[in-house]
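The next block holds one structure in the form of C-alpha cells; read it before the comments.
Chain naming here is simple, since letters A, B, ... match the order of the sequence lines and numbering starts at 1 in each. Since this is a predicted model, take the numbers as computed values, not measurements.
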Number of protein chains: 2
Amino acid sequence: LIQMKKVTKDYRLGETIVHALRGITIEIDVGEFVAVWGPSGSGKTTFLNLIGAIDEPTSGYFSFNEREISGLSDDEKSDLRNKSIGFIFQNFNLIPVLTALENVMLPLQIQSLSNAEANQRSMYRLEQVGLSDFVKHRPDKLSGGQRQRVCISRALVTNPSLVIADEPTANLDSDTAMKILELMRDLNNNEKTTFIFSTHDQRLLGKMNRLVRMVDGVIINEEDHV
Amino acid sequence: LIQMKKVTKDYRLGETIVHALRGITIEIDVGEFVAVWGPSGSGKTTFLNLIGAIDEPTSGYFSFNEREISGLSDDEKSDLRNKSIGFIFQNFNLIPVLTALENVMLPLQIQSLSNAEANQRSMYRLEQVGLSDFVKHRPDKLSGGQRQRVCISRALVTNPSLVIADEPTANLDSDTAMKILELMRDLNNNEKTTFIFSTHDQRLLGKMNRLVRMVDGVIINEEDHV
Ligand SMILES: Nc1ncnc2c1ncn2[C@@H]1O[C@H](COP(=O)(O)OP(=O)(O)OP(=O)(O)O)[C@@H](O)[C@H]1O
Ligand SMILES: Nc1ncnc2c1ncn2[C@@H]1O[C@H](COP(=O)(O)OP(=O)(O)OP(=O)(O)O)[C@@H](O)[C@H]1O
Ligand SMILES: [Mg+2]
Ligand SMILES: [Mg+2]
C-alpha cells in the first residue's frame, strides 16, 4: 500500500532548516495494524502527514497504491484523501461553528451523499464512541475526550480503506481507550481497513501487530508481534 | 487551601441543562500532590476550572485560602490567578502569533517584570522541559508534545503557589513525561507548591500522593498513598 524510500522532510524556519525526517525507508501493506512511537518531536506527525498526502516529502520516493504521490495534482490528492483515507489529527481540527454531528457529516457531504444517509451513518459512528447524547454540542461545549471521539467518528464515517490516527487516545480514560481500540481492531479484522497510528499510549502499544520506533527523524527499530 | 461543599455546576445548552458537577465536597491542603481521574466527560476539567477561578459554581460553597470565591470581583479573581496560580490547559490556549518564548513570558509581563528578567526566567523554564532549541518557534511550528511543554513552562514561570494541570502529559512520550513529573515533584518537595492534576495517564497516577476518582460529576472514591 505504502512505500517510502529515503524520504526526507525539511522545514524552513527563518535562517535555519529543521530536518524533521532524515531518510525514512518503510513498507506498509494493506490490512496492517501498525504504530509509530518515539520521543516528542521525533517526526511522527510529519511522517503521518506525508502518508495522508497532507504534505510532501522534500526528497525521496513515496508511493501510495503503487502511484507515486509527487506525480499527483492537488485535486487528485484531495480526492484520494476524501475517498480512501480517514485522518484523526493530533490537534483535532474540528469546525467550531458546527455541532458534533455536523462535523462528522462533513466528509460525506463533500462526497455528495444525501443528507438522510449522511445523518444516519454519522449517528451510527457517534453511537459507537458513546456520544449519542452529545451530537448537538458544538466543540466548545464538549470535554477534551469527547472532542477526540468526534474526530474518531469523523475519520471512520467514510468507511476509509486507510485510517491514519495521530495520538487518537491521548485524552481518553482507559475504558474508553480500550473500546476505541476494539472498534478499530474489528474494522481491521472484518473490513481489512489499514491502521497507522502514532501513539505514546502504552495501553495501545502493547496491542499492536507491528511497532515502528522513530527517533530524530529516522526509524531505528522495528518489532513484529504475532 | 481549597474547600468545596456540595458544589454544583450546570451548563445550559438550548433547552437542556447539563449537570457537569453534581455536588462536590472536598478539601485540598497546601503542599498536596493530588490527581483527579475518571471517565471522559465526568467533570474533571469543569472541576479544575472552578478551582482556578476561571468559572463559578452554580451552587454550593467554595473557598480559596479561606476567602469565599463568589465574594470576589472579577479583578480580584484575575489578580489571584495571575499571582498565585499556574494553569496548564487541556487544549493548550497558546497565542498563535507569539513564539514559545513570548508565550511563556506573557504572565510575567502582565506582572510588569522587566523584559530582561522575564526573558531569563522564561528561558530557564523552557530549558527545564527540553525546549532550548525551539524558543523561537511559533505554536504551528511545534509538535504536539512541544506545545504541551510550552504550556507547562508558562504555568511554572510565575513561581505559583498552586499549579492546576489538566492532562499535562497527554501528548508526551514516557521519558519526557517522567522528567516533567520529576520537575513537578521537586517543586512540590522544595517549594511546597500545591499540584492538582487531572489525568488519565497511568504513568502519573501510580506516583500521586492522593487520588480522587470522579464519575458523572461526583467524587466516588479517594485513596491515599504513603
Ligand atoms: N460549555 C458547556 N456547555 C455544555 N456542556 C458542557 C460544557 N462544557 C462541558 N460540558 C459537558 O460537561 C461534562 C463535563 O465536561 P468536562 O470537560 O469537565 O469533562 P472531563 O472529565 O474533563 O472529560 P475529559 O476526560 O474528556 O477531558 C461533559 O459531558 C461535557 O459535554
Ligand atoms: N512547520 C514547521 N516548521 C518548523 N519546524 C517544524 C514544523 N512542524 C514541525 N516542526 C518540527 O519538526 C520536528 C518534528 O515534529 P513532529 O510534529 O513530526 O513531531 P512528533 O514526533 O509528532 O512529536 P509529538 O510526539 O510531540 O507530537 C519537531 O522538532 C518540530 O519542532
Ligand atoms: Mg505529533
Ligand atoms: Mg477534560
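At a 4.5 Å heavy-atom cutoff, B:Gln148 makes no contact with chain A through either its backbone or its side chain. Only the side chain of B:Arg149 comes within less than 4.5 Å of a heavy atom of chain A; its backbone N, CA, C and O stay farther away. For chain A, the nearby parts of B:Asn171 are the backbone and the side chain; heavy atoms of each come within less than 4.5 Å. Only the side chain of A:Ser174 comes within contact range of chain B, judged by heavy atoms closer than 4.5 Å. Of the atoms belonging to A:Glu167, it is side-chain heavy atoms, and not backbone ones, that fall under 4.5 Å from chain B.
Of the residues considered (B:Leu172, B:Thr45, B:Thr16, B:Thr176), B:Leu172 shows the highest number of contacts with chain A, using heavy-atom pairs under 4.5 Å. Ranked by heavy-atom pairs under 4.5 Å with chain B, the list A:Gly144, A:Ala177, A:Ala20 is led by A:Gly144. Your options are A:Gly145, A:Pro39, A:Gly41, and the one with the most heavy-atom pairs under 4.5 Å with chain B is A:Pro39.
The number of heavy-atom neighbours closer than 6.0 Å to CD of B:Gln109, taken from other residues, nucleotides and ligands shown, is above 12. Within a 6.0 Å sphere centred on OH of B:Tyr124, heavy atoms belonging to other residues, nucleotides or ligands number 12 at most.
In this structure, CZ in A:Arg147 is found 5.0 Å from CG in B:Asn91, a value given to the nearest 0.5 Å.
Annotation: side chain of A:Lys141 is not in contact with side chain of B:Val18 (no heavy-atom distance under 4.5 Å).
Here the side chain of B:Asp173 pairs a donor or acceptor atom with the backbone of A:Ser40 at under 3.5 angstrom.
Interface residues of residues 95-103 of chain A toward chain B, defined by a heavy-atom distance below 4.5 Å: none.
Residue A:His200 comes nearest to B:Arg203 through the heavy atom pair O-NH1, 4.0 Å, listed as atom of the first residue, atom of the second, then distance.
In this structure, A:Phe62 has no ring pair (Phe, Tyr, Trp, His ring centres under 6.0 Å) partners at least two apart in sequence or on a different chain.
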